[in-house]
Amino acid sequence: MPWRAAPRAALSSPLTLIIAAVTALLACFLGTAAILQASASGGAAVDYQSGLACPDYYGPVFSKDNVPAEVAPQVIDSVRRNAPAHGFTAPVTSRYTPFLVGTEFNGDPNYKVTIAHRDQAVPGHLDLADGTAAAGGLLLGTVVSKAEGIKSGVTPAFRGTTLPPVTGLYRDLSDPAPRWWCSQQRNAVVSRLANDPLDSVMFATDGKTFDDAIRALGVPKFATLHMSFYEAPPKTISEAEDLLERSKALIADVKADLGARGLGDAIIGSLPFERSVEISNQAESNVLISILPLAAISILVGCAGIGTVALQWYQRRHPQLRLLSARGSGPGALGLLAVAELGLPIVVGGAAGAVLARLLLGVYGPPGELGDGALLAGSLVAAAILLVSLGLLAGVIAFRTHREFELGRVRSGRRKGMKLLTIFPWELVTAGVALLGWTRLVDYGKGSRLGNPLPQVDPLALTYPVFVVLTVGLLAARLAWLALLASHRARLWSRPALQLAIRRLASARAPVTGVLVIGTLAIGTLATGIGIARGQEEALRTKSAIFVGAETRVDTESVVGTGKVALPTGITGNTTIVGELTGTGNVVLVVDPQTFRRAATLGPLDGAEVDRLLGNLSSAGTGIPAIRVGTDANQKPVLAAGLPEARTIGELPMFPIIGTKAGYVISRESLSAAQLRAVPKWSVLSGSSMTQVTEALASVGVATAVNRVTRDSALDALPFYVVSWTFSFMALLGAVLGVVAVLSLLVAVEVRRRQNALAGALVLRMGMRPRALLASHLMELGTLSGLAVVIGVVCGISVAGLSVPRFDPATFLAPRSALPNPTPLALTVLAVGVLVVALAGWIAMRSVRTARTAELIRA
């Protein structure tokens, strides 16, 4: 029975087996990858949000100000007792007294201190500079102790009440606080710019010392009572949601417990991470909704590939199928014969595709953990694709055999229907969809604003690039079809290699146009996806560079800008000071040209041009030499009250800190000492970290303001990441379609192997040189591949260039997203195209060299 021998018979055409397996592999790979991509996006979003939140804010937080001292123990006891039942460890409790104004050290009553205690702070999270924390006592900050000459061992007092002795000196917490202290920034860190220099937070070494001090002082209320849990950061949305549900249950139990004691409002339970979970869920949904149309397109392409394999198998098995039909086998049985022969390779390939989608997730997907059920969902999608593929394989064969062997001929009406499908202008339909997508894309970025966590989602707008590329591919295929129809008029026998190439193309119009469409779609989609994804990644780096001006920017006291205090030596190598003047319609930046370039980040600006202009800021002449920033041609040369007009020495479209707003950059050497003192705002720009800058400034007695920003924290990067993750799947789709295009080309060569071999053998016998025959094949295949490469690259880059600014999730910040350099991608695609053409030409020539002419003629 042929059905029993079908698996072995399939080995007679190994290329068909490989193509069937690879086609199923790619279809299942893309279907599974879509599910995994969305799930990993959710995990990556959770991980990003976890990095922004304080480490003790993943779970519940119990906090309230002005808590009565006699109530606090009952609140702490309630939280501790209920926490284990919901899977939480012991809470970390923080207690702070109100400021004790008039605290005495060495008989001097001019100090203002807060006595505090935080679980696990000692030892481990306070850096002792002197003394010990082993004995019960208080720890005083080194800022006050060094300034006032207070040493460990002294016993402070407050209004006649003796406090526990100072057993050690700790280095004051930096501003901003270390990550473990993140949630205590308001209470544990003293801002030296906003508070009296004699303010300090004294930490009790243990809970008993703190309680004894509270009782001795008779403190009626705590300024703040804070309880939180240091849980492991969630890695997936399901973990975050589970943590959130347990937190809600704990808050409800604590509230009920305290309510039974008549203390229902003694503490407030909150869920700081709840908003982060909502944003992560939205990010996953955005990515999934955005790539669903692309995933559907990829699955349809995979099914089309299976259909192509079925047609190729039908041509190869046509004599056998005719014989089996004559002996009584029905179309369904013949379709099952195809499944028996190619089913195993398809199943194996599909399973391998699902496995590869999981193994390669780290290469093409976001850097996030998969959620619960993602692997199962991906496996189910792969299984569904396999079932559809096998059904399609059997259906195509059954339909063809029924139409040819049972009906005998195609009815005229059916012929007209097939002809109508062929001539129908499908490119107008895809162009209409692309136009509709463009109308949505025009308004896509209007919702971009500060504080908007994620960009809006419009799947139709996201499919615009694909449908534009598809329209161009269909139009190119239509023109190629018409050109091949008219190619019989070509008379180029003086160039026989070219004439043969044209005739071979004309004899295979359907495969040629199919490969052209798929190739153009593949390359165009790849170029578009990579261009938009990398464009958003580059936009994030560029916008943060222009917005911050350096790796770190810290607003500070004017004594630094006016030169009264020199910068500390630890950061002078990569730090500069800039002043800012506003209020005249222009933003005026006062820079030090000698140090600005070693600290500033210029984003897309030309460094050599900026260096040249900065060097000219000290040029002589009337007015203050200035670099004009912005694109307003009518910009007035007004700097500030009391300053001469600006003398423009050059122009730049944007500048760090100023952005693209109208402004000027001047040198501090152009201003007198009095004018420097009048500059209201000075900032330190540095290539060092925030901690290094603030600690270095604190070491020379310079206080920093709350306006501090780094490039990593300046912008919410998640909206940029979501766009990048979405279009990285489009790039993946383009890469897979490229593989499909290569396979389609090889299938076309394999289908015509017999006729090409016979024709090639005959022309060689008639005197054509093998080199000329090889050149003929390379012309044929090179023309097809070259058209796909050129049209795909040009279309993809053009569409990406139009789309990148529209997908910008932060249009309120300059500069707008722009297309990255497309040259490397174009050269890579060209190189791959050359290799594919060379491989296909070698296969075609190999079939000619190994052909047995007599057998081919008899067949």
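Atom OG of Ser798 sits about 9.0 Å away from atom CG of Leu819, to the nearest 0.5 Å. Note that CG of Leu311 and CD1 of Ile306 are 11.5 Å apart. Values are rounded to the nearest 0.5 Å.
Checking side-chain atoms of Tyr721 against main-chain N and O of Pro366 turns up no donor-acceptor pair under 3.5 Å. Gln37 places a side-chain N or O within donor-acceptor distance of the main-chain N or O of Trp725, the cut-off being under 3.5 Å. Judged by distance alone, with hydrogens and angles left aside, the side-chain atoms of Thr828 form a donor-acceptor pair with the main-chain N or O of Pro824 at under 3.5 Å. Using a distance-only test at 3.5 Å, with no hydrogens or angles considered, no donor-acceptor pair links the side chain of Thr528 to the main chain of Val799. Although no hydrogens or angles enter the test, the distance criterion places no donor-acceptor pair under 3.5 Å between the side chain of Ser39 and the main chain of Ile35.
Other residues, nucleotides and ligands place more than 12 heavy atoms under 6.0 Å from the OH atom of Tyr464.
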Between Leu732 and Phe29, is a side chain to side chain contact (heavy atoms under 4.5 Å, CB included) present by the stated rule, with each step listed?
CA-CA 10 Å; Leu732 176 67; Phe29 176 85; 3.6 Å; yes
Please step through side chain to side chain contact (heavy atoms under 4.5 Å, CB included) for the pair Asn281 and Glu241, ending with a clear verdict.
CA-CA 10 Å; Asn281 261 314; Glu241 290 177 339; 2.9 Å; yes
Could you check Val837 against Leu778 for side chain to side chain contact (heavy atoms under 4.5 Å, CB included), going step by step and ending with a plain yes or no?
CA-CA 7 Å; Val837 169; Leu778 293 180; 3.9 Å; yes
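Between Ala735 and Leu526, the shortest heavy-atom contact is N-CD1, 3.9 Å. When every heavy atom of Glu427 is checked against every heavy atom of Leu475, the shortest pair comes out as CB-N, 4.3 Å. Heavy atoms only, all atoms of each residue included: Leu784 and Val512 are closest at CD1-O, 3.5 Å. Shortest non-hydrogen contact noted between Gly519 and Ala788 is C-CB, 4.0 Å. Nearest approach of Thr471 to Phe467, heavy atoms of both residues: OG1-O, 2.6 Å.
In this structure, Val388 and Cys303 have side chains that are in contact, with non-hydrogen atoms separated by less than 4.5 Å. By the 4.5 Å heavy-atom criterion applied to side chains, Leu243 and Glu239 are not counted as neighbours. With contacts defined as side-chain heavy-atom distances shorter than 4.5 Å, the pair Leu294/Phe729 qualifies. Contact check for Gln536 versus Phe727: no side-chain heavy atoms found under the 4.5 Å cut-off. Looking at Lys235 and Val46, their side chains never come closer than 4.5 Å, going by heavy atoms from C-beta outward. At a threshold of 4.5 Å between non-hydrogen side-chain atoms, the residues Leu393 and Trp313 do not count as touching.
Between Arg534 and Glu537, none of the side-chain N atoms (NZ, or NE/NH1/NH2) sits under 4.0 Å from a carboxylate O, so this pair counts as no salt bridge.
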